[in-house]
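Below: the structure, in structure tokens.
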There are 2 protein chains.
Amino acid sequence: MEANLKAETLKILGDQTRLRVAYLLAASKRSLCVCEIVDSLKLPQYQISKSLVILRRAGLVGVDRNGTWGYYYPKTDQKTNTILFDFVKEYCIGEPFDGDLTELSKRLALRDGGRCVVGFVPEKELQKLIRKKTAAV
Amino acid sequence: MEANLKAETLKILGDQTRLRVAYLLAASKRSLCVCEIVDSLKLPQYQISKSLVILRRAGLVGVDRNGTWGYYYPKTDQKTNTILFDFVKEYCIGEPFDGDLTELSKRLALRDGGRCVVGFVPEKELQKLIRKKTAAV
DNA sequence: ATGTTATATGCAAATATGAGCATATAGACA
DNA sequence: TGTCTATATGCTCATATTTGCATATAACAT
């Protein structure tokens, strides 16, 4: 299969929010729950949701639904996507990408059995929850 | 110096015309005259001109002026640019990119001493001019 | 000077896009 | 049933972008 870069695709990634989401998915090699993305980027839920719809319509990401929860992942069925995600992962440097990734890793610490088990977590409560969880283990 | 990919930059390339121009500049490893780009892409002159302004404002291309003639080239003073142009060059495949490049190579055949010496050339006259030139040599 | 040519740009209309907010949907669970 | 909660979506407004056309600029030729 041959990669084929199109202007349309670049346009999709040519938006700060969508690029941040794409970076998060590219950099963390796993599916992410919508609420984890929202908490990592600290943007309104509807913005993330809309960004994901657009990324999905462009064939860049896919979703596994688990009840009300949605797990998004970078689609790698087309070589172009793989190349693009690698590119994004490698060259999106500094803020806000670094910070987003840091927030994500904190959020991922709350997972249980590899699954997201909490919804939106306000920043203030995140530390508390993490401490509780580490204590429990 | 460190590459740093920004959404803004991707947005610039997320436009068909601008991407075609960028590809042409990336693929032909030399400065191109505006009229050569216009003839290669077969788009209105003002569209090319405006695209070039935007690419230039984004720091992606530079220009050498020679009288009324303008020679544009991909800027490589930032690593991000180099990487992006390589990326575009490698992964923009098929139409319209291939056709644009073919047209360009025909147009470049009209150069004299490495310089563009004709302005806009309607498709019909291009073959005629090329034949005349080859005969002269 | 006058005309010609290469390139840039100002403007107006059409269209697209993003932000924000409210609300819908739909699954989980009491 | 009713109530949460996660996610999606419809709507409006403001703003940005694209397109097309006409024209400006500026160098060159005669």
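In terms of heavy atoms, A:Cys35 sits closest to A:Trp69 at SG-CZ3, 4.0 Å. Shown here for A:Thr80 and A:Asn4, the closest heavy-atom pair between the two residues is OG1-N, 2.8 Å.
Contact check on B:Lys106 versus B:Glu103 returns a salt bridge, with a Lys/Arg side-chain nitrogen under 4.0 Å from an Asp/Glu carboxylate oxygen.
In this model, the phosphate group of D:dT18 is approached by a side-chain N or O of B:Arg18 to a distance below 4.0 Å at OP1 or OP2. A close approach under 4.0 Å does occur between a side-chain nitrogen or oxygen of B:Arg65 and OP1 or OP2 of C:dA8.
Within 4.0 Å of B:Tyr72, counting heavy atoms only, lie sugar-phosphate atoms of the nucleic acid but no base atom.
Checked against D:dA27, D:dA6, D:dA8, the side chain of B:Thr68 finds its nearest nucleotide in D:dA27. When distances are taken from the side chain of A:Asp15 to each of D:dA6, C:dA8, C:dG18, the shortest belongs to C:dG18.
Looking at which nucleotide of DNA chain C each of A:Gly14 and A:Gly67 is closest to, the 5′-most match is held by A:Gly14.
Taking every heavy atom of residues 31-55 of chain A and every atom of DNA chain C, pairs under 4.0 Å involve A:Tyr46, A:Gln47, A:Lys50, by number.
Here the side chain of A:Asp100 pairs no donor or acceptor atom with the backbone of A:Leu41 at under 3.5 angstrom.
Cation-pi contact between A:Arg30 and A:Tyr71: absent, since separation from the ring centre below 6.0 Å together with deviation from the ring axis within 45° is not met.
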